[in-house]
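A short worksheet on the structure shown next.
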2 protein chains.
Amino acid sequence: MDTKKVEKIAKALADPNRLLILKELRKNQDCLYCSDMYEFIDLTQPSISHHLKQLSDAELVIPVKEGRYVKYHLNAAMIDQYVEFLQTLKS
Amino acid sequence: MDTKKVEKIAKALADPNRLLILKELRKNQDCLYCSDMYEFIDLTQPSISHHLKQLSDAELVIPVKEGRYVKYHLNAAMIDQYVEFLQTLKS
DNA sequence: TAGACGTATTGAAATGTTTCGATAGATTAA
DNA sequence: TTAATCTATCGAAACATTTCAATACGTCTA
């Protein structure tokens with residue numbers, strides 16, 4: 001995993017609202033509609049959309065369009081890759 | 001590991017210069033003097049000091065005073081704890 | 001096809017982070 | 001004790017991120 005990617009993932013993980021999204025994804029069998037998120041995040045729609053974009057750009061979540069809805073899936077494989085990188089920081 | 005701590009670690013890891021410091025620490029048996037860091041980071045002394053503080057506050061590195069020098073040690077245990085948290089994000 | 005609905009984008013304000021020059025503090029060397 | 005050395009802190013400028021209101025874009029449904 002290259003440095004750019006590591007940085008993007010680290011930044012995506014460095015925000016309480018985005019962590020909350022990831023936690024709630026896990027609670028919900030790893031997928032949620034955009035519109036579900038109003039229930040646990042106290043932000044406006046554009047802000048939530050912005051955070052989802054950060055997570056998508058980092059490939060920590062994967063957006064799947066379903067008509068006018070978008071379902072977001074957790075990408076556990078990307079977490080694994082990031083963890084692998086963190087392990088290399090240790091001797 | 002509580003959310004505040006997770007956030008602090010994630011932020012500390014979300015900067016290319018700080019990642020570089022961690023990588024170089026690994027290369028050098030997990031410890032480096034502040035003054036060693038000029039060799040691989042192209043920043044002024046106050047900036048490097050600032051980054052070391054972020055890493056220390058996150059407990060990713062541990063500063064040990066040796067006279068007028070400070071030796072920074074990698075804290076692998078904290079990386080492990082963070083990895084453990086990341087694992088809980090997966091189902 | 002027109003209106004309603006869900007999501008994304010834009011632009012701007014507020015806030016946070018990074019960086020550096022200047023300077024302070026603490027320790028060693030002369 | 002004085003000067004030199006290493007690290008930390010302060011204050012300010014530059015830059016990046018977060019947030020929202022307004023609006024645009026797709027898609028569904030009536």
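Sequence lines set the chain letters: A, B, ... in the order given, protein chains first and strands last, and positions in each chain run from 1.
In this structure, the nucleotide among dA8(C), dC20(D), dT27(C) sitting nearest to the side chain of Lys65(B) is dT27(C).
Checking side-chain atoms of Asp15(B) against main-chain N and O of Arg18(B) turns up a donor-acceptor pair under 3.5 Å.
The minimum heavy-atom distance between Tyr82(B) and Leu86(A), with the atom names listed, is CD2-CD1, 3.7 Å. Summarising the geometry of Ala12(B) relative to Leu60(B), their closest heavy-atom pair is CB-CD1, 3.8 Å, with the distance given to 0.1 Å. Taking both residues in full, the closest heavy atoms of Leu74(A) and Lys90(B) are given as CD2-CA, 4.3 Å, listed atom of the first, atom of the second, then distance. For the residue pair Leu20(B) and Ile41(B), the shortest heavy atom distance occurs at CD2-CG1, 4.2 Å.
With Leu13(B) as reference, Leu22(B) is the one residue of Leu22(B), Leu55(B), Ile79(B) to meet the side chain to side chain contact (heavy atoms under 4.5 Å, CB included) rule.
Residues from residues 6-20 of chain A with heavy atoms under 4.0 angstrom of DNA chain D, sorted by number: Lys11(A), Asp15(A), Asn17(A), Arg18(A). Of the residues in residues 44-55 of chain A, those lying under 4.0 Å from DNA chain D by heavy-atom distance are Thr44(A), Pro46(A), Ser47(A), His50(A), His51(A), Gln54(A).
Residues Phe40(B) and Val70(B) fall within the same hydrophobic cluster, defined by Ile, Leu, Val, Met, Phe, Trp and Tyr side chains chained together at heavy-atom separations under 4.5 Å. Note: the hydrophobic cluster containing Ile21(B) does not contain Tyr69(B) (ILVMFWY, side chain heavy atoms under 4.5 Å, direct or indirect links). Val6(A) and Met78(A) fall within a single hydrophobic cluster, where Ile, Leu, Val, Met, Phe, Trp and Tyr are joined by side-chain heavy atoms under 4.5 Å apart, directly or via other members.
At a cut-off of 3.5 Å, with distance as the only test, a side-chain donor of Tyr33(A) or Glu66(A) sits close to an acceptor on the other residue.
Ion pairing between a basic and an acidic side chain is recognised when a charged N comes within 4.0 Å of a carboxylate O; Glu59(A) and Lys8(A) show no such pairing.
Rounded to whole angstrom, the span from the CD1 atom of Ile21(A) across to the P atom of dT7(C) amounts to 13 Å. Computed from coordinates, the Arg68(B) CZ to dC6(D) P distance equals 6 Å when rounded to whole Å. In this structure, Leu43(A) places its CG atom 18 Å from P of dA14(C), rounding to the nearest Å. For the pair Tyr33(B) OH and dA8(D) C1', the computed distance is 18 Å after rounding to whole Å.
Where DNA chain C pairs in unbroken runs of 3 or more (Watson-Crick or G-U, both distances under 3.5 Å), the stems are C:1-30 with D:1-30.
Residue Tyr69(A) has no polar side-chain atom (N or O) positioned under 4.0 Å from OP1 or OP2 of dA8(C). In this model, the phosphate group of dT7(C) is approached by a side-chain N or O of Ser35(A) to a distance below 4.0 Å at OP1 or OP2.
Across all strands, Tyr38(A) comes closer than 4.0 Å to no nucleic acid atom at all (heavy-atom distances).
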